[in-house]
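Scope of the values below: all heavy atoms of this structure, side chains included, with no hydrogens, waters or symmetry mates. Keep in mind that this is a model prediction, so the values were computed, not measured.
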Amino acid sequence: MDKPTHLIEFETMLLGRHLQPSAPRSRRGGGHLDRSAYTLLSRIRMEGPMSIGQLSEAFGLDASTLNRQTAAMLRAGLVERIPDPDGGIARKFRITGAGEHSLDAERAENISGLERVMADWSPDEVRDFAAYLKRLNSDIEALDGRPWPRP
């Protein structure tokens, strides 16, 4: 690892492993959303109801993959299919109350875990790290042409 980018690649791989919502529950103490549901629900919450086509464009995934993922979320009661509120032909997926509750609970657990890990960090260190992560993600999104909406 003779270049800083090599170390960044390695550390982001580990970060993904540590923070992944689908990590084993015995280690994380609960929760029930897998990574795809967590990510899809987060996007639908930010954007509002979305069709398979819109999800495909937003995530760069094919429709068959999204059909499997949304079908699992429908069965779990996390989303519901609704007519397009704008009058379009395609039906859209809207997050349900149960989906909102599950997403909020999972996010709270993730934030609590981060706060435990960063308990000895100064507020400036936490703020700087958050800014660098945002910049890294924003630059990746800009190259990919798929910006993620932010609050």
Side-chain angles (χ1 to χ4, degrees), residues 8-86 88-119 121 123 125-151:
I8 292 168
E9 183 280 330
F10 182 78
E11 294 298 335
T12 55
M13 178 270 303
L14 288 177
L15 181 65
R17 178 184 174 275
H18 295 309
L19 298 180
Q20 191 174 60
S22 61
R25 300 303 174 201
S26 60
R27 189 177 83 231
R28 295 184 57 241
H32 68 282
L33 294 178
D34 67 23
R35 182 173 58 139
S36 65
Y38 186 81
T39 307
L40 287 167
L41 288 172
S42 294
R43 185 66 179 248
I44 293 168
R45 175 185 273 169
M46 294 288 298
E47 299 250 351
M50 298 179 76
S51 68
I52 287 289
Q54 289 170 317
L55 291 168
S56 178
E57 186 175 316
F59 287 96
L61 296 172
D62 62 60
S64 64
T65 298
L66 287 161
N67 278 320
R68 283 191 303 277
Q69 293 172 344
T70 55
M73 293 190 324
L74 280 165
R75 284 190 304 275
L78 302 172
V79 295
E80 60 188 348
R81 291 190 96 157
I82 61 167
D84 185 345
D86 299 323
I89 296 171
R91 293 177 56 88
K92 294 193 173 189
F93 294 94
R94 176 173 61 195
I95 191 169
T96 63
E100 293 272 0
H101 176 75
S102 294
L103 183 58
D104 288 343
E106 192 82 20
R107 181 156 286 132
E109 184 178 318
N110 290 342
I111 290 168
S112 176
L114 284 169
E115 288 171 346
R116 284 191 308 273
V117 168
M118 299 174 145
W121 292 32
E125 288 172 319
V126 175
R127 191 173 22 262
D128 290 347
F129 185 65
Y132 284 129
L133 278 177
K134 180 180 178 182
R135 181 177 178 187
L136 178 67
N137 281 323
S138 295
D139 288 350
I140 290 168
E141 293 160 14
L143 287 173
D144 191 38
R146 291 187 178 91
W148 190 274
R150 287 179 167 75

pair [X]-[Y]: side-chain heavy atoms closer than 4.5 Å:
X: W148; Y: I140; result: no
X: F59; Y: T65; result: no
X: F93; Y: L40; result: no
X: T70; Y: M50; result: no
X: L66; Y: Q69; result: yes

Looking at [atom1] of [X] and [atom2] of [Y], how far apart are the two atoms once the value is rounded to the nearest 0.5 Å?
X: R107; Y: R45; atom1: CZ; atom2: CZ; answer: 6.0 Å
X: S51; Y: I89; atom1: OG; atom2: CD1; answer: 11.5 Å
X: H101; Y: T96; atom1: NE2; atom2: OG1; answer: 11.0 Å
X: E109; Y: E106; atom1: CD; atom2: CD; answer: 5.5 Å

Looking at every non-hydrogen atom in both residues, tell me the closest pair between [X] and [Y] and how far apart they are.
X: A37; Y: L33; result: CB-CD2, 4.2 Å
X: A63; Y: I52; result: CB-CG2, 3.8 Å
X: L103; Y: S42; result: CD1-OG, 3.6 Å
X: P149; Y: M46; result: O-CE, 3.3 Å

For [X], enumerate each residue passing the salt bridge (charged side-chain N to carboxylate O under 4.0 Å, His left out) test, keeping only those at least two apart in sequence or located in another chain.
X: D144; answer: R146
X: D62; answer: none
X: E125; answer: none

Expected list for residues 131-139: side-chain donor-acceptor pairs under 3.5 angstrom, two or more places apart:
from, atom 1, to, atom 2, distance (Å)
N137, ND2, L133, O, 3.4
S138, OG, K134, O, 2.9

Using modelled atom types only, decide if a donor and an acceptor are shared between the side chain of D86 and the backbone of G88 within a distance under 3.5 Å.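 No, because the side chain of D86 does not come within donor-acceptor range (under 3.5 Å) of the backbone of G88.
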Going through the distances and angles, do S112 and R116 end up as a side-chain hydrogen bond (donor to acceptor under 3.5 Å, both in side chains)? CA-CA 6 Å; S112 176; R116 284 191 308 273; 3.0 Å; yes
Show which side-chain atoms of residues 71-83 pair as donor or acceptor with protein atoms under 3.5 Å away, not counting sequence neighbours.
from, atom 1, to, atom 2, distance (Å)
E80, OE2, R94, NE, 2.9
E80, OE2, R94, NH2, 2.8

Report the residues that fulfil side-chain contact (heavy atoms from CB on, under 4.5 Å) with L143, sequence neighbours left out, ordered by chain and then residue number. none
